[in-house]
Trainee: 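Take this structure, written in structure tokens, and hold onto it; I'll ask about it next.
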Amino acid sequence: MPRDKKLIYLINTGLVLILFALLTVFEASGVFTRYSMSIVRLVCINVILATSLNVTVGNLGQITLGHAGFMSIGAYTAALFAKTEVITGQGGYYIGMILAGICAGIFGIAIGIPVLRLKGDYLAIVTLAFGEIIRVLIEYFDFTGGAQGINGIPRMQNFSVMFFVAVICVTLMYSVMTSRHGRAILAIREDEIAAQSSGINITYYKTFAFTLSAFFAGVAGAMYAHNIGTIGASFFNYNKSFDILVMVVLGGMGSFTGAVISATVLTVVPETLRQFNEYRMIVYSLLLIMVMLFRPEGLLGRKEFHITKVVDKLRNKFGKQSIEGGN
Amino acid sequence: MTNQVLSCKNVGINFGGLQAVQDFNLTIDDGELIGLIGPNGAGKTTVFNLITGVYTPTEGEILLSGINIIGKMPHQIVRYGIARTFQNIRLFDHLSVLDNLKVAANKDMRYSIFSGMFRLGGYWREESEVTDKAIEILDIFDMGKHAYKYANSLSYGEQRKLEIARAMATDPKLLLLDEPAAGMNPTETDELMDTIMLIRNEFGITTLLIEHDMRLVLGICERLMVLNYGQILAEGNPRDIVNDPLVIEAYLGKGE
Ligand SMILES: Nc1ncnc2c1ncn2[C@@H]1O[C@H](COP(=O)(O)OP(=O)(O)OP(=O)(O)O)[C@@H](O)[C@H]1O
Ligand SMILES: [Mg+2]
């Protein structure tokens with residue numbers, strides 16, 4: 001491993017641990033109430049949702065509107081698996097989560113292969129329809145609990161577990177996107193014809209990106225199911241898909257750090273505005289309109305926020321040459 | 001026959017009534033540098049699209065080193081050893097110059113999705129190998145200094161060069177250049193001619209290029225092929241071709 005890469009890894013691990021320590025201290029000292037901690041857990045889930053949608057929307061450059069559908073498949077898989085009580089406790093939680101990802105991923109492949117031939121608005125509409133079809137089917141069948149949904153899912157509200165699952169998910173997605181496979185996906189976003197003429201198998205990589213995105217949406221769904229204990233299909237409607245999409249667009253399409261930041265902000269702000277309930281949606285909408293007016297490419301655009309870049313910039317001020325990190 | 005890189009036999013394509021290319025025959029031997037010229041709309045770019053699998057010919061056959069490549073997808077044809085550039089520059093604008101080349105090297109990389117996801121040994125090994133190779137190519141094009149810039153931040157001439165560099169990164173046998181000098185000033189064109197000669201002489205890559213700039217065509221091509229209304233009008237030594245009355249007529253129209 002190159003030395004500078006090692007340093008970057010160390011710094012990032014350090015930052016994550018500091019954040020975790022801070023949150024733990026806040027929780028223990030009572031600065032964060034039980035209610036605040038429930039929002040923090042929601043942030044963990046939404047961060048995974050936003051970053052996973054970022055893979056298709058930001059990195060692959062295809063707008064899809066059915067993300068909540070994949071989330072629901074994950075949630076139901078995990079809930080039904082937990083209900084069988086084959087494996088209980090923490091182990092069951094993790095296995096259910098992986099199963100949830102796999103099931104959502106399989107749906108991702110099945111839906112992705114036919115649908116990804118479409119582009120732009122057509123793709124958006126068809127994925128929206130698929131999201132709704134999944135929801136209707138879940139309500140239709142009995143084994144999913146029908147319209148009542150599923151109750152009494154074993155609760156898993158351990159903040160540390162959820163925090164580190166989110167960190168791991170984001171890291172894995174980011175690693176893929178900065179590997180050769182991710183480069184191929186970015187190349188497709190930039191120019192499909194040129195990518196093809198450079199030897200990239202478009203169909204394969206589009207399906208892969210879509211599947212990866214679905215997998216992690218499934219994982220987030222599993223976390224959600226265990227966090228809340230009760231799930232119903234109506235929660236996973238197109239509004240939920242739109243919410244996630246807004247997080248990605250606001251953060252800057254293609255930027256993982258942007259998606260993390262905006263998922264955090266867009267989870268915390270509406271919750272804190274709950275006391276001004278009637279103005280909540282107005283403020284929220286205004287915020288979105290302002291960002292779109294003044295930062296149409298999203299908060300971070302396509303760029304990633306690297307702490308090392310900040311250090312480099314500071315160093316530059318003292319006359320040293322730095323190399324731009326290009327992803 | 002042994003050193004024949006490309007052979008097109010009676011190739012044609014019909015776009016719903018419009019015969020864009022007809023009876024196109026071309027054989028290119030290993031190491032040749034050939035020019036494809038002709039007035040606007042003659043079907044030159046269409047020939048490239050046929051060879052690279054963007055369009056499937058309605059007639060004829062195309063062989064690369066004796067292997068039939070008709071019906072293959074564009075990304076597969078790159079694997080067989082044909083790389084191209086585009087008339088209107090097509091770069092990966094928001095990727096670094098280096099990553100533009102590394103995308104092209106993807107087809108020869110082997111590490112798995114998991115290896116990339118969990119940063120296993122294969123990832124580090126291949127990434128650093130490919131980076132070194134890409135930097136080497138960039139240095140040949142005198143672009144090493146731009147490696148970490150976004151592709152769209154380069155000047156027009158440099159972007160054209162980067163497109164050729166990216167095509168080279170696929171490690172081709174045959175290079176197809178579609179109007180590489182379009183929009184370049186004379187100094188840039190001179191530089192480009194040197195680059196094309198370098199690719200041929202140093203790496204022995206067979207090149208077929210479309211070009212309107214006669215100075216470039218006469219300066220470097222060994223053989224010319226003239227296309228008009230989708231058909232071959234003339235073929236041969238560049239000096240003879242430009243004095244061929246048929247060719248002059250095609251370009252300038254019939255003298256009154
Ligand atoms: N996909 C297509 N569908 C229909 N017609 C097409 C298609 N592609 C090309 N053509 C037609 O084929 C003819 C040849 O076009 P082509 O782009 O190959 O010309 P060219 O020789 O490259 O010209 P230029 O010098 O302007 O680049 C034109 O009449 C064009 O309109
Ligand atoms: Mg053309």
Side-chain angles (χ1 to χ4, degrees), chain A residues 1-2 5-6 8-9 58-59 61 105 168-169 171-205 208-209 211-212 215-216 252-255 297 301-303 309 312 321-327, chain B residues 48-49 52-54 73-79 82-86 89-119 121 123-124 126-128 130-131 147-152 163 166-167 169-172 176:
Chain A
M1 206 186 313
K5 284 264 166 74
K6 219 174 202 166
I8 293 169
Y9 285 150
N59 294 145
I168 289 168
C169 287
T171 309
L172 291 182
M173 281 185 267
Y174 185 74
S175 303
V176 176
M177 283 307 138
T178 47
S179 76
R180 74 181 181 97
H181 306 284
R183 245 186 339 254
I185 290 167
L186 296 179
I188 293 172
R189 174 190 75 192
E190 293 297 315
D191 193 321
E192 264 186 47
I193 291 171
Q196 215 168 12
S197 301
S198 302
I200 303 296
N201 184 341
I202 306 275
T203 320
Y204 172 79
Y205 276 112
F208 168 60
T211 308
L212 186 76
F215 177 93
F216 285 102
M253 297 213 261
S255 167
E297 71 278 26
R302 284 192 188 79
K303 299 211 166 64
K309 274 192 197 163
D312 271 350
Q321 201 66 41
S322 86
I323 304 165
E324 267 180 61
N327 281 320
Chain B
F48 273 22
N49 285 335
T52 55
V54 176
M73 300 279 291
H75 73 265
Q76 293 172 316
I77 288 180
V78 181
R79 281 156 212 243
I82 302 182
R84 74 176 289 184
T85 65
F86 294 90
I89 304 176
R90 284 179 177 275
L91 289 172
F92 307 130
D93 279 349
H94 300 94
L95 296 190
S96 71
V97 168
L98 180 65
D99 278 350
N100 266 266
L101 269 68
K102 285 170 82 176
V103 168
N106 189 61
K107 70 178 181 57
D108 297 323
M109 296 174 84
R110 286 288 157 269
Y111 73 78
S112 66
I113 291 164
F114 287 96
S115 195
M117 198 178 234
F118 296 101
R119 299 277 133 116
Y123 165 87
W124 298 105
E126 275 191 78
E127 282 291 321
S128 84
V130 166
T131 305
Y148 293 96
K149 290 184 189 160
Y150 270 165
N152 68 350
E163 227 197 350
R166 184 182 64 191
T170 65
D171 199 12
L176 308 179

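Here the structure is a predicted model, which means the values were calculated and not measured. Just so we're on the same page: letters track the sequence lines, and every chain starts at 1.
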Trainee: Partners of R119(B) by side-chain hydrogen bond (donor to acceptor under 3.5 Å, both in side chains), sequence neighbours excluded?
Mentor: Y9(A), T178(A), Y123(B)
Trainee: Among the options L212(A), I202(A), N201(A), pick out the one with the most heavy-atom pairs lying under 4.5 Å from chain B.
Mentor: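 Maximum pair count with chain B is reached by N201(A).
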Trainee: Are side-chain heavy atoms of V176(A) and M117(B) found at a separation under 4.5 Å?
Mentor: yes
Trainee: For N106(B) and A184(A), work out which heavy atoms get closest and say how close.
Mentor: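 Taking N106(B) first and A184(A) second, the nearest heavy atoms are ND2-CB, 4.3 Å.
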Trainee: To check you understand the geometry: which heavy-atom pair defines the closest contact between R79(B) and G199(A), and what is its length?
Mentor: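 Smallest interatomic distance, heavy atoms only, reads NH2-O, 3.1 Å.
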Trainee: Taking every non-hydrogen pair under 4.5 Å, which of M173(A), Q196(A), R180(A) racks up the most with chain B?
Mentor: R180(A)
Trainee: Going by side-chain hydrogen bond (donor to acceptor under 3.5 Å, both in side chains), name the residues that satisfy it together with R183(A), two or more places apart in sequence or in a different chain.
Mentor: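 Testing R183(A) for side-chain hydrogen bond (donor to acceptor under 3.5 Å, both in side chains), a comparison that skips the adjacent residues, returns E127(B).
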Trainee: Distance check, rounded to the nearest 0.5 Å: L101(B) atom CG versus S198(A) atom OG?
Mentor: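 Rounded to the nearest 0.5 Å, the CG-OG separation comes out at 9.0 Å.
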Trainee: Working to the nearest 0.5 Å, report the span between CG of N152(B) and CD of E190(A).
Mentor: 8.0 Å
Trainee: Of the non-hydrogen atoms in F92(B) and D191(A), which two are nearest, and what is the gap between them?
Mentor: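 Taking F92(B) first and D191(A) second, the nearest heavy atoms are CE2-O, 3.8 Å.
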Trainee: I need the I113(B) CD1 to S175(A) OG distance, nearest 0.5 Å.
Mentor: 13.0 Å
Trainee: Side chain, backbone, both or neither: which part of L91(B) has a heavy atom under 4.5 Å from chain A?
Mentor: backbone
Trainee: Side chain of H181(A), backbone of Y111(B): donor and acceptor closer than 3.5 Å?
Mentor: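 Between the backbone of Y111(B) and the side chain of H181(A) there is a qualifying donor-acceptor contact (under 3.5 Å).
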Trainee: Find the one option among K102(B), R90(B), Q76(B) whose heavy-atom pairs under 4.5 Å with chain A are most numerous.
Mentor: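 Most heavy-atom pairs under 4.5 Å with chain A: R90(B).
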Trainee: Would you mind checking which part of S112(B) comes under 4.5 Å of any heavy atom in chain A, side chain (CB onward), backbone (N, CA, C, O), both or neither?
Mentor: backbone
Trainee: Does any heavy atom of chain B fall under 4.5 Å from the side chain of I188(A), the backbone, both, or neither of them?
Mentor: neither
Trainee: Heavy-atom pairs under 4.5 Å with chain A are the metric here; pick the option from H75(B), M73(B), M109(B) that has the most.
Mentor: H75(B)
Trainee: Could you measure the distance from the OG1 atom of T52(B) to the CD1 atom of I193(A)? Nearest 0.5 Å is fine.
Mentor: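 One finds 10.0 Å between OG1 of T52(B) and CD1 of I193(A).
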Trainee: With a 4.5 angstrom heavy-atom cut-off, which part of T170(B) approaches chain A: side chain, backbone, both or neither?
Mentor: side chain
